[in-house]
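Residue numbers start at 1 and run along the sequence shown. Predicted model only: the values in this text are computed from it and were never measured. What's counted below: heavy atoms across the whole structure, side chains too, no hydrogens, waters or symmetry copies.
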Amino acid sequence: MTTDFTMPMLGEVMEEGRIVAWLKKEGDTVEQGEIVMEVETEKATYEIEYQASGLLKEILVSEGETAAVNTLLALIE
């Protein structure tokens, strides 16, 4: 089963965030609570955890790109 990994809302007025770094690459195993990426907003840089375990199947938004809240960033299998 594939699950969506979307841009989280990291503040009350956040509309988008820039992917600073993916700490995992496609094909890597992701454990629940593990930090998988860093996102920069207007106010700060955040480490983002994934809330389940699985395999990072596909990254859809690359480092350096900006994505709106709830945009699909990656697929976890």
Count the heavy atoms of every other residue, nucleotide or ligand shown that sit under 6.0 Å from CD of Glu15, and state whether that count exceeds 12.
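Count not over threshold, so no.
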Find the distance between [atom1] ([X]) and [atom2] ([Y]) and round it off to the nearest 0.5 Å.
X     : Y     : atom1 : atom2 : result
Glu16 : Glu65 : CD    : CD    : 12.0 Å
Thr45 : Glu40 : OG1   : CD    : 4.5 Å
Lys24 : Ile35 : NZ    : CD1   : 11.0 Å
Thr41 : Met14 : OG1   : CE    : 6.0 Å

Name of the residue among Ile48, Ile59, Leu72 meeting side-chain contact (heavy atoms from CB on, under 4.5 Å) with Phe5:
Ile48
Determine, stepwise, if the pair Leu75 / Asp4 fulfils side-chain contact (heavy atoms from CB on, under 4.5 Å).
CA-CA 5 Å; Leu75 299 173; Asp4 297 345; 3.6 Å; yes
To check you understand the geometry: which heavy-atom pair defines the closest contact between [X] and [Y], and what is its length?
X     : Y     : value
Val69 : Met9  : CG1-CB, 3.9 Å
Ile19 : Ser62 : CB-O, 3.7 Å
Gly27 : Leu55 : O-CD1, 3.0 Å

Hphob cluster co-occupancy, Leu10 + Trp22, side-chain heavy atoms under 4.5 angstrom:
yes
Co-membership, hydrophobic cluster, residues Val61 and Tyr46, 4.5 Å side-chain:
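They do share one cluster, since a chain of ILVMFWY contacts under 4.5 Å joins Val61 to Tyr46.
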Are any non-hydrogen side-chain atoms of Met37 and Leu73 less than 4.5 angstrom apart?
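Counting from C-beta outward, Met37 and Leu73 do come under 4.5 Å.
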Are the side chains of Leu56 and Ile76 in contact, using a 4.5 Å heavy-atom criterion?
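Of all side-chain heavy-atom pairs linking Leu56 with Ile76, at least one is under 4.5 Å.
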Ser53 (side chain) donor-acceptor with Gln32 (main chain) under 3.5 angstrom
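At least one qualifying donor-acceptor pair exists.
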